[in-house]
*Asks:* 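Before I ask anything, here is the structure I am working with.
These values consider heavy atoms only, across backbone and side chains, with no hydrogens, waters or symmetry-generated copies.
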Amino acid sequence: MLETAYLRSHPEEARKRLGKRNVDADALLAEADRLDEQRRSTQNALDAKQAEMNAQARTIGELMKAGKKAEAEAAKAHSGELKEAIAGLKDALDAAEKALHDHLCTIPNVPQDRVPEGKIPDDNAVVMQHGAIPELGTGAKPHWELAEEYGLFSLEMGVKLTGAGFPVYTGQGAKLERALISFFLDRAAEAGYIEVIPPLLVNADSAYATGQLPDKESQMYHATADDLYLIPTAEVPITNLFRGDILGADQLPVKRVGYTPCFRREAGSYGKDVRGLNRVHQFDKVEIVRIEKPEHSNAALEEMVVHVRGLLEALELPYRQLLLCGGDMGFTSAITYDMEVWSAAQKRWLEVSSISNFETFQSNRLKLRYRGEDKKPHLAHTLNGSALALARIVAALLENNQTPEGIRIPKALQPYTGFPLIVKK
RNA sequence: GGAGAGGUGGCAGAGCGGUCGAAUGCGGCGGUCUUGAAAACCGCUUUGCCCGCAAGGGCAACGGGGGUUCGAAUCCCUCCCUCUCCGCCA
């Protein structure tokens with residue numbers, strides 16, 4: 001959620017930056033301005049009445065103490081209408097605050113200046129590309145066929161247990177999954193991220209604070225008996241760890257990493273996007289989260305990108321880095337890089353990481369602050385990135401490394417799998 | 001799931017319905033003293049919103065919500081949470 005203070009102090013900048021989104025920036029900001037103005041004038045009126053009320057109560061207290069009963073009673077006479085006025089203003093203030101808040105919830109974060117213009121994924125900028133695109137011979141198989149052949153995972157088994165989109169990993173496939181998780185966690189630890197194993201269910205307050213609620217409710221599984229939500233990403237519990245905190249300047253930066261399964265309903269998806277592991281309802285992901293001072297958040301973003309590139313290079317996967325255009329960015333982000341790996345049999349790029357700087361958009365809802373040089377609390381910047389999302393990495397690894405002898409495991413991963421080659425069962 | 005206890009400032013812990021945003025202790029910050037440090041002593045030390053260039057001022061907040069009252073941290077209702085014991089259990 002954007003800060004009204006920012007909108008008031010930088011109206012032109014906000015309008016310009018928001019203009020890169022597929023939204024009517026002028027209308028959204030004008031309405032925000034109007035509602036904010038209304039809220040403040042109501043607040044002023046209420047404050048004045050309450051000050052009056054307080055003064056009167058104090059007077060009556062003093063009269064009572066002095067034993068001037070009659071005068072005290074007389075002073076009470078006026079209080080009825082004051083009370084009524086206050087009640088009315090309170091209702092008006094609640095309504096004004098709610099209207100403003102609801103409206104602010106519909107305004108996406110303002111993109112940074114370097115975010116490219118554009119409305120669709122084709123407008124994203126390719127920042128860099130790394131690694132040769134492998135040419136597989138004829139007979140190359142997509143990962144879902146390889147999975148069957150080598151007994152690595154089964155979506156059919158998942159259907160029996162749960163429903164579509166819940167893979168069951170078996171044998172070397174299960175081992176590969178576990179190896180990747182350990183590998184990613186170890187690399188993050190080396191980079192200074194402290195590991196966290198959070199709950200997989202969160203309450204509505206948490207889901208709200210990181211922005212999954214109210215707008216993306218349909219993305220999450222909801223355990224209604226206890227009113228808890230299955231996390232769609234570790235970002236939710238890990239970022240919420242710091243909800244409401246005021247961190248000391250010496251506590252920054254905060255660097256956390258967490259492995260969790262992620263649960264997504266993915267309502268409305270269909271077609272080639274959902275074949276095999278391309279899009280599933282449950283997948284494993286290692287997520288890195290950072291809390292930074294504003295002046296350092298963009299440098300932190302680049303550090304995260306370098307970290308993720310290192311992972312992809314260690315896995316010997318061809319990849320490219322995109323800078324998302326204004327129209328394709330997530331609602332809460334100020335700037336996002338996507339990392340995509342080449343899936344050689346499908347001959348397409350698969351998104352395996354999204355690395356974003358949210359600036360104060362999330363921390364405003366989280367009320368996550370740090371104490372600045374001036375000893376006062378300021379909203380911190382939050383960032384996160386996948387490092388990495390497992391299912392699609394597995395898909396690319398299987399496809400790109402298939403050979404007549406079996407599926408080759410990248411060297412860096414072999415200490416974790418314990419085998420250099422996936423062979424037929 | 002059953003029974004009981006409790007939710008106050010960073011922590012601990014007070015608080016007759018009337019200047020209580022809140023005693024006191026600890027912690028933290030600044031200062032005096034000291035060659036330095038410790039100790040001792042003195043002062044400061046919550047957050048949000050609003051008005052203001054600032055100085056400063058106003059309003060709100062003692063788990064959440066509602067009620068009683070001229071006035072509530074203090075009384076009533078309700079919800080939530082935590083802890084202890086019992087049951088069940090990886």
*Asks:* Do you see a donor-acceptor pair shorter than 3.5 Å between the side chains of Asp227(A) and His222(A)?
*Replies:* yes
*Asks:* What is the ring orientation for Phe166(A) with His281(A), classed by angle as parallel under 30°, tilted 30 to 60°, or perpendicular over 60°?
*Replies:* tilted
*Asks:* How many Å lie between CZ on Arg39(A) and C1' on rC51(B), as a whole number?
*Replies:* 13 Å
*Asks:* Using a cut-off of strictly less than 4.0 Å, decide whether Arg371(A) has a side-chain nitrogen or oxygen near OP1 or OP2 of rG28(B).
*Replies:* no
*Asks:* Under the salt bridge (charged side-chain N to carboxylate O under 4.0 Å, His left out) test, which residues partner Lys141(A), sequence neighbours left out?
*Replies:* Glu149(A)
*Asks:* Find the distance Glu62(A):CD to rC70(B):C1' and express it as a whole number of Å.
*Replies:* 13 Å
*Asks:* Rounding to the closest angstrom, what is the interatomic distance between rA60(B) and rG6(B) at atom P?
*Replies:* 30 Å
*Asks:* Which base sits across from rU68(B) as a Watson-Crick or G-U pair, both distances under 3.5 Å?
*Replies:* none
*Asks:* Quick one: which of rG18(B), rC49(B), rU69(B) gets closest to the side chain of Ile60(A)?
*Replies:* rG18(B)
*Asks:* Could you identify the nucleotide paired to rC88(B), looking across every strand shown and requiring Watson-Crick or G-U wobble geometry with both distances under 3.5 Å?
*Replies:* none
*Asks:* Using atom names, set out every protein N or O paired with an N or O of nucleotides 59-63 of chain B below 3.5 Å, distance rounded to 0.1 Å.
*Replies:*
unit_1: rC59(B); atom_1: OP1; unit_2: Asn54(A); atom_2: ND2; d: 3.3
unit_1: rC59(B); atom_1: O3'; unit_2: Gln50(A); atom_2: OE1; d: 3.3
unit_1: rC59(B); atom_1: O2'; unit_2: Asp47(A); atom_2: OD1; d: 3.1
unit_1: rC59(B); atom_1: O2'; unit_2: Gln50(A); atom_2: OE1; d: 2.8
unit_1: rA60(B); atom_1: OP2; unit_2: Asn54(A); atom_2: ND2; d: 3.3

*Asks:* What's the CG-P distance between Leu368(A) and rU47(B), to the nearest Å?
*Replies:* 15 Å
*Asks:* Cut-off 3.5 Å, no hydrogens considered: what does the side-chain donor-acceptor table look like for residues 99-110 of chain A, sequence neighbours left out?
*Replies:*
unit_1: His101(A); atom_1: NE2; unit_2: Tyr208(A); atom_2: OH; d: 2.6
unit_1: Asp102(A); atom_1: OD2; unit_2: Lys98(A); atom_2: NZ; d: 2.7
unit_1: His103(A); atom_1: NE2; unit_2: Leu28(A); atom_2: O; d: 2.7
unit_1: His103(A); atom_1: NE2; unit_2: Ala32(A); atom_2: N; d: 3.4
unit_1: Thr106(A); atom_1: OG1; unit_2: His103(A); atom_2: O; d: 2.6
unit_1: Asn109(A); atom_1: ND2; unit_2: Thr332(A); atom_2: O; d: 3.0
unit_1: Asn109(A); atom_1: ND2; unit_2: Phe358(A); atom_2: O; d: 3.2

*Asks:* Please give the distance between the P atoms of rC26(B) and rG7(B) as a whole number of Å.
*Replies:* 23 Å
*Asks:* Rounded off to whole Å, could you give me the CD-to-C1' distance for the Glu3(A) and rG48(B) pair?
*Replies:* 14 Å
*Asks:* Closer to the 5' end of RNA chain B via nearest nucleotide, is it Arg369(A) or Asp94(A)?
*Replies:* Arg369(A)
*Asks:* Provide the distance between the two C1' atoms, one in rC62(B) and one in rG15(B), to the nearest whole Å.
*Replies:* 11 Å
*Asks:* Are there more than 12 heavy atoms of other residues, nucleotides or ligands under 6.0 Å from atom CD1 of Ile197(A)?
*Replies:* no
*Asks:* Quick check for you: among rG71(B), rG18(B), rU47(B), whose closest atom lies nearest to any side-chain atom of Met53(A)?
*Replies:* rG71(B)
*Asks:* Is the phosphate of rU47(B) approached by Lys376(A) (side-chain N or O, under 4.0 Å from OP1 or OP2)?
*Replies:* no
*Asks:* Between C1' on rC79(B) and CG on Asp205(A), what's the gap in Å once rounded to a whole number?
*Replies:* 14 Å
*Asks:* Suppose you measure atom C1' in rA37(B) against the same atom in rG58(B); what distance do you get, rounded to whole Å?
*Replies:* 46 Å
*Asks:* Can you tell me which residue pairs pass the salt bridge (Lys or Arg N to Asp or Glu O under 4.0 Å) test with a partner in residues 361-383 of chain A, sequence neighbours excluded?
*Replies:* none
*Asks:* Pick the P atom in rA38(B) and in rG31(B), then give their distance to the nearest Å.
*Replies:* 13 Å
*Asks:* Please report, rounded to the nearest Å, how far the C1' atom of rG58(B) is from the CZ atom of Arg40(A).
*Replies:* 16 Å
*Asks:* Map Thr4(A) and Lys76(A) onto RNA chain B by nearest heavy atom, then report which one ends up closer to the 5' terminus.
*Replies:* Thr4(A)
*Asks:* Which salt bridge (Lys or Arg N to Asp or Glu O under 4.0 Å) pairs, counting each pair once, include a residue from residues 75-87 of chain A, with sequence neighbours left out?
*Replies:* Glu73(A)-Lys76(A)
*Asks:* Both distances under 3.5 Å, Watson-Crick or G-U wobble: report the partner of rA39(B), or none.
*Replies:* none
*Asks:* Check the distance between rU46(B)'s C1' and Lys367(A)'s NZ and give it to me in whole angstrom.
*Replies:* 16 Å
*Asks:* If rG4(B) has a Watson-Crick or G-U wobble mate with both distances under 3.5 Å, name it; if not, just say none.
*Replies:* rC83(B)
*Asks:* rU46(B) and rG21(B): how far apart are their C1' atoms, nearest whole angstrom?
*Replies:* 8 Å
*Asks:* Kindly point out which of rU47(B), rC70(B), rC49(B) is positioned nearest to the side chain of Ile246(A)?
*Replies:* rU47(B)
*Asks:* Could you measure between the two C1' atoms, the one in rG71(B) and the one in rA14(B), and give it in whole Å?
*Replies:* 23 Å
*Asks:* I need the full list of side chain to side chain donor-acceptor pair (under 3.5 Å) pairs touching residues 165-182 of chain A, with sequence neighbours left out, sorted by first then second residue.
*Replies:* none
*Asks:* Asp250(A) has an atom CG; how far is it from atom P of rG28(B), in whole Å?
*Replies:* 13 Å
*Asks:* According to the Watson-Crick and G-U wobble definitions, with both distances under 3.5 Å, which nucleotide is paired to rC59(B)?
*Replies:* rG48(B)
*Asks:* Could you check whether Arg290(A) pairs with Glu292(A) (Lys NZ or Arg NE/NH1/NH2 to Asp/Glu carboxylate O, under 4.0 Å)?
*Replies:* yes
*Asks:* Roughly how many Å apart are rC76(B) and rG2(B), using the C1' atom of each and rounding to a whole number?
*Replies:* 28 Å
